[in-house]
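To start, the structure itself, in structure tokens.
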Amino acid sequence: TGEKEYELLALIEDPDAGSYKDENLTLGEDYTYKIVPYVIADEVVYQAETYAEASAKTVLAAVKLSSVTNVNYKTLKISWNKVNGVDGYQIYRSDSSSGEYKRVKTITSGSTVSYKDSKVAPNKKQYYKVRAYRLVNGKKVYGAFSSVKNGKTMFTKTTGLKITASNYKTLKLTWKKVSGASKYQIYYSTSKNSGYKKLKTLTGTSYSWTKAACGKNYYFKVRAIKSVNGENVYGDYSDIVSKKTKIGKTTVSAAKKTYNSIKITWKKVSGAQKYELYFATSQNGTYKKLNYICLTDFNKRKLLLRLLIHII
């Protein structure tokens with residue numbers, strides 16, 4: 001190959017063939033080829049005096065870096081697609097996409113396709129690229145580097161956020177404890193996709209907000225915080241959960257009935273400033289607001305009632 005001492009590699013009998021694959025070559029070697037047209041006439045082979053010549057070097061395929069994902073506040077997981085025929089991979093890291101990359105790990109198995117870098121600073125964005133290698137006569141022959149991908153170390157995501165409406169102005173939030181968290185932050189908004197404000201920072205896993213507007217819908221999200229060397233490391237926000245405040249349910253009863261009167265009683269509802277009574281003459285009938293009713297309206301009919309509460 002180096003001295004261009006050619007030997008016959010193949011005879012291509014298809015005149016329309018435009019390619020040939022030379023396999024089982026040595027990785028990292030330079031090869032030169034010449035393609036000579038020929039014809040056979042009267043059982044004699046005639047070669048053209050001119051020919052095409054081309055050179056190429058065998059190389060490993062480039063690694064395809066698939067993702068860099070957060071594991072915890074100091075660990076990022078780098079994942080890539082397997083390259084056939086390699087003996088291992090090398091992982092390089094940098095503080096910026098175009099900065100200086102340093103090798104952080106050499107993987108000595110061609111079947112390993114991920115690595116957890118556990119020596120990353122908290123809240124730190126890091127950039128990675130990976131290349132494969134194969135041992136040829138005891139030396140590493142490298143493939144091209146993958147494209148660059150980045151990831152950022154963050155604390156664990158908060159899960160299990162639930163909200164219940166205790167009364168017309170109170171919403172209670174609960175969520176699952178995050179291992180290692182020193183405190184949590186609650187954010188709220190009246191719009192799902194924007195306008196979030198910090199509501200509270202606390203150490204527990206529940207909070208009752210007593211200043212919500214009656215009948216208004218709110219959106220909430222929570223994140224955990226871990227203190228590392230005096231620095232706050234924030235986790236991913238929880239999934240957003242919404243809830244609307246509601247007025248408590250009223251329990252009503254009718255008692256002390258006489259031939260021309262019924263006494264209606266109900267339990268007091270916290271925060272209620274006004275009550276309205278409605279009646280109908282059948283369970284599924286049309287209810288009317290109780291302002292004034294003639295005595296004949298009660299004659300031999302069952303009075304059904306419900307309560308609506310208005311907060312002023």
Side-chain angles (χ1 to χ4, degrees), residues 67-79 116-126 150-251 266-274 307 309-312:
S67 64
V68 179
T69 55
N70 176 69
V71 177
N72 55 45
Y73 69 96
K74 64 176 183 178
T75 304
L76 293 171
K77 182 180 179 181
I78 304 96
S79 302
K116 291 182 179 180
D117 186 3
S118 60
K119 296 182 179 180
V120 184
N123 288 336
K124 185 76 171 181
K125 180 180 282 189
Q126 295 285 263
N150 68 78
K152 184 178 181 180
T153 49
M154 300 183 69
F155 198 41
T156 308
K157 178 180 179 178
T158 302
T159 60
L161 177 60
K162 295 180 180 180
I163 306 173
T164 55
S166 301
N167 55 46
Y168 72 98
K169 66 175 182 177
T170 301
L171 295 173
K172 184 177 181 180
L173 291 78
T174 60
W175 57 90
K176 291 183 179 180
K177 181 179 180 181
V178 176
S179 178
S182 55
K183 50 190 173 181
Y184 302 88
Q185 286 182 336
I186 303 170
Y187 286 78
Y188 79 100
S189 176
T190 55
S191 173
K192 183 177 182 179
N193 298 318
S194 63
Y196 282 87
K197 298 178 181 179
K198 185 166 66 175
L199 176 63
K200 187 74 174 178
T201 300
L202 70 168
T203 57
T205 56
S206 66
Y207 176 69
S208 290
W209 185 32
T210 60
K211 296 182 179 180
C214 181
K216 197 165 190 176
N217 196 42
Y218 292 93
Y219 297 87
F220 295 88
K221 58 184 180 180
V222 180
R223 66 177 177 179
I225 304 173
K226 182 179 178 66
S227 180
V228 180
N229 298 324
E231 180 183 357
N232 285 337
V233 181
Y234 299 95
D236 282 341
Y237 284 106
S238 67
D239 293 336
I240 295 172
V241 178
S242 66
K243 195 69 176 180
K244 180 188 292 187
T245 53
K246 66 178 183 179
I247 301 168
K249 183 178 180 180
T250 307
T251 301
W266 58 89
K267 290 185 178 180
K268 181 180 179 181
V269 175
S270 176
Q273 296 178 346
K274 184 178 179 181
L307 291 179
I309 302 167
H310 285 236
I311 305 298
I312 299 175

**Request:** Working to the nearest 0.5 Å, report the span between NZ of K116 and NZ of K77.
**Result:** 6.0 Å
**Asked** With side chains defined as the heavy atoms from C-beta onward, is the minimum distance between D117 and I78 less than 4.5 Å?
**Response** yes
**Prompt:** Between I240 and K221, which heavy-atom pair has the shortest distance, and what is it?
**Reply:** CG1-CB, 4.3 Å
**Item:** Verdict with reasoning, T190 to Y218, per side-chain contact (heavy atoms from CB on, under 4.5 Å)
**Value:** CA-CA 5 Å; T190 55; Y218 292 93; 4.0 Å; yes
**Asked** What are the two closest heavy atoms between V228 and V233, and how far apart are they?
**Response** CG2-CG2, 3.7 Å
**Fill in**
In this structure, OH of Y234 is separated from CD1 of I225 (nearest 0.5 Å) by 5.0 Å
**Request:** Identify the heavy atoms of S166 and K172 that sit nearest to each other, and give their distance.
**Result:** OG-CB, 4.1 Å
**Complete:** Taken to the nearest 0.5 Å, the spacing of T158 OG1 from R223 CZ works out to 9.5 Å
**Request:** Sort out for me which residue in T201, L173, L161 forms a side chain to side chain contact (heavy atoms under 4.5 Å, CB included) with I186.
**Result:** L173
**Which residues share a ring pair (Phe, Tyr, Trp, His ring centres under 6.0 Å) with Y237, sequence neighbours left out** = Y187
**Message:** Looking at every heavy atom in both S189 and S194, which two are closest together, and how far apart are they?
**Reply:** OG-O, 2.6 Å
**Message:** Strictly distance-based, threshold 3.5 Å: is any side-chain N or O of Y184 a donor or acceptor partner for the main-chain N or O of V178?
**Reply:** yes
Please list every donor-acceptor pair under 3.5 Å in which a side-chain atom of residues 150-157 meets a protein atom from a residue at least two apart or in another chain.
| unit_1 | atom_1 | unit_2 | atom_2 | d |
| --- | --- | --- | --- | --- |
| T153 | OG1 | A121 | O | 2.8 |
| T153 | OG1 | N123 | N | 3.0 |
| T153 | OG1 | K124 | N | 3.0 |
| K157 | NZ | D239 | OD1 | 2.9 |

**Prompt:** Hey, does the Lys NZ or Arg CZ of K226 hover above the aromatic six-ring of Y73, less than 6.0 Å from the centre and inside 45° of the axis?
**Reply:** yes
**Message:** I need the minimum non-hydrogen distance between K243 and T164, along with the two atoms involved.
**Reply:** CE-CA, 4.3 Å
**Fill in**
Scanning both residues in full, the closest heavy-atom pair of A165 with K244 reads CB-O, 3.6 Å
N/O donor to acceptor pairs below 3.5 angstrom from side-chain atoms of residues 203-217, sequence neighbours left out:
none

